[in-house]
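Single-structure report; data block below.
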2 protein chains.
Amino acid sequence: MRIGEAAAAAGMTTKALRFYEQQGLLPPVHRGPNGYRDYPPETLARLQFIRRSKAAGLSLAEIRNILQIRDAGQAPCAHVAAQLAQQLTDLDQHIAELTALRTSVAEHYQAASQGDPAQCDAEQICSYL
Amino acid sequence: MRIGEAAAAAGMTTKALRFYEQQGLLPPVHRGPNGYRDYPPETLARLQFIRRSKAAGLSLAEIRNILQIRDAGQAPCAHVAAQLAQQLTDLDQHIAELTALRTSVAEHYQAASQGDPAQCDAEQICSYL
DNA sequence: CGGAACCTTCCTCTACCGTGGAAGGCCACA
DNA sequence: TGTGGCCTTCCACGGTAGAGGAAGGTTCCG
């Protein structure tokens, strides 16, 4: 399978595949006599795993870790579960931060909507921030 | 006021002040005979406005827009209100996306916690993603 | 006079995930 | 033989908000 086919089958670009290889998510692959990459069919499953992992919000670095465990012959499930737990924690914190920020912005917005622009003096730029 | 004093008074670094000047948030400032920047006292209010705006989640580009309006002699309040409204919309969407992702991750995590690693075959890397 | 602490400009680097393009090689079809 | 469509490598760029550091000038204090 050439890179264009593999990319199309996985719903990715050829650029992305080369990038993943460079980043260590795809092992160096066999080349034909013309230098073209020649992917074995099982690469497709790997690419789809990468897709699913990305959809779950994992970074390429985390995905690479998981793949390395699998490539070392071990089941990465425990690691994956830990990673997902971490991901949940991170998401919760991130969401909490954004929610707090939203509250703050909403308060400023309230003030700005109800206030009188004439009270805004040049020195403080804008009284609603 | 020299750059170090101004930075300390505003709780920023000298690097940040030079960067703000370069980005157009601070006007070119008077230099002493030694080339040192010499800030007028009202710069402090401007720096504090930048601080508050950043805390409200505005980008430097948005803050620059507001400052330009003020520097043009107009009250930026209406613009600020619009900016805050946009900010609210963006935050809501961002939070919604993260929340949806959290739900998805939580489902994967549930499966991973309850599942049996032995069922995970090498081909699909990990059945929990 | 010497050293610490300040200032200047300029260049590079950070994280993330690729995308865009240039220059060149290879292959099939008409 | 040409032309279009693949493929190769390598380099640059994007956005965000500065941080880090080099090389050099200045000022303050003892």
Side-chain angles (χ1 to χ4, degrees), chain A residues 1-26 28-39 43 46-47 49-67 83 86-87 90-91 93-94 97-98 101, chain B residues 1-26 28-39 43 46-67 83 86-87 90-91 94 97-98 101:
Chain A
M1 207 169 24
R2 293 199 306 190
I3 195 172
E5 299 171 71
M12 298 167 170
T13 64
T14 58
K15 290 273 189 189
L17 262 69
R18 292 194 197 95
F19 182 69
Y20 291 160
E21 177 179 324
Q22 185 201 321
Q23 296 298 306
L25 281 84
L26 295 179
V29 65
H30 171 247
R31 304 290 186 114
N34 48 14
Y36 289 12
R37 288 171 179 80
D38 183 19
Y39 291 99
T43 298
R46 198 176 178 97
L47 290 175
F49 174 77
I50 293 174
R51 258 174 74 83
R52 293 195 305 273
S53 303
K54 265 162 48 83
L58 298 189
S59 70
L60 294 191
E62 289 160 348
I63 300 172
R64 181 179 50 218
N65 288 342
I66 296 170
L67 288 169
Q83 198 63 257
Q86 180 65 50
Q87 178 77 354
D90 293 351
L91 277 173
Q93 184 178 350
H94 199 167
E97 283 168 7
L98 286 183
L101 179 56
Chain B
M1 209 173 15
R2 293 201 306 190
I3 195 172
E5 299 171 72
M12 298 167 168
T13 65
T14 59
K15 290 273 188 190
L17 262 69
R18 291 193 199 96
F19 183 69
Y20 293 160
E21 178 179 324
Q22 185 200 322
Q23 296 298 306
L25 282 83
L26 296 179
V29 67
H30 172 249
R31 305 290 186 115
N34 48 14
Y36 289 13
R37 289 172 179 80
D38 182 19
Y39 292 99
T43 297
R46 198 176 178 97
L47 290 175
Q48 277 153 8
F49 175 77
I50 293 174
R51 257 175 75 84
R52 292 195 304 273
S53 303
K54 266 164 48 82
L58 298 189
S59 70
L60 294 191
E62 289 159 348
I63 300 171
R64 181 179 49 218
N65 289 341
I66 296 170
L67 288 170
Q83 198 63 257
Q86 180 64 51
Q87 178 77 352
D90 293 352
L91 277 173
H94 199 167
E97 283 168 8
L98 286 183
L101 179 57

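Labels below follow one simple rule: chain letters A, B, ... track the order of the sequence lines, proteins then strands, and each chain is numbered from 1.
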Across all chains, not counting sequence neighbours, the side chain to side chain contact (heavy atoms under 4.5 Å, CB included) partners of B/E21 are B/L26, B/V29, B/R31, B/R37, B/Y39
Q. Mind checking what makes side chain to side chain contact (heavy atoms under 4.5 Å, CB included) contact with B/A8, not counting sequence neighbours?
A.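 In terms of side chain to side chain contact (heavy atoms under 4.5 Å, CB included), with neighbours along the sequence ignored, B/A8 is linked to no residue.
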key: Residues in contact with DNA chain C, drawn from residues 50-58 of chain B - heavy-atom cutoff 4.0 Å   =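 Nucleic-acid contacts, sorted: none.
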When rounded to the nearest 0.5 angstrom, what is the spacing between [atom1] in [X] and [atom2] in [Y]?
| X | Y | atom1 | atom2 | value |
| --- | --- | --- | --- | --- |
| A/R46 | A/T43 | CZ | OG1 | 8.0 Å |
| A/L25 | A/I66 | CG | CD1 | 10.0 Å |
| A/L98 | A/Q93 | CG | CD | 10.5 Å |

Nearest atoms (heavy-atom pairs only) where [X] meets [Y]:
| X | Y | value |
| --- | --- | --- |
| B/L17 | B/A6 | CD2-CB, 3.9 Å |
| B/G57 | A/L101 | N-CD1, 4.1 Å |
| A/R64 | A/Q23 | NH1-O, 2.7 Å |
| B/A7 | B/T14 | CB-N, 3.7 Å |

A side-chain contact here means heavy atoms from C-beta on lying under 4.5 Å apart; do [X] and [Y] qualify?
| X | Y | answer |
| --- | --- | --- |
| B/I63 | B/Y20 | no |
| B/L67 | B/F49 | yes |
| B/R51 | B/L47 | no |

Item to complete: Mind calculating the distance between CE (B/M12) and C1' (D/dA17) to the nearest angstrom?
Response: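 Distance, rounded to whole Å: 12 Å.
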### Message
Between the opening five pairs and the closing five pairs of the helix from C/dC1-D/dG30 to C/dA30-D/dT1, how far apart are the helix axes, to 10°?
### Response
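The end axes of the helix from C/dC1-D/dG30 to C/dA30-D/dT1 are about 30° apart, to the nearest 10°.
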Footprint ends on DNA chain C, 5' to 3', for atoms under 4.0 angstrom from a heavy atom of chain A, come out as C/dC17 to C/dC26
B/S/- along nucleotides 4-16 of chain D (protein heavy atoms under 4.0 Å) is --BSBB-------
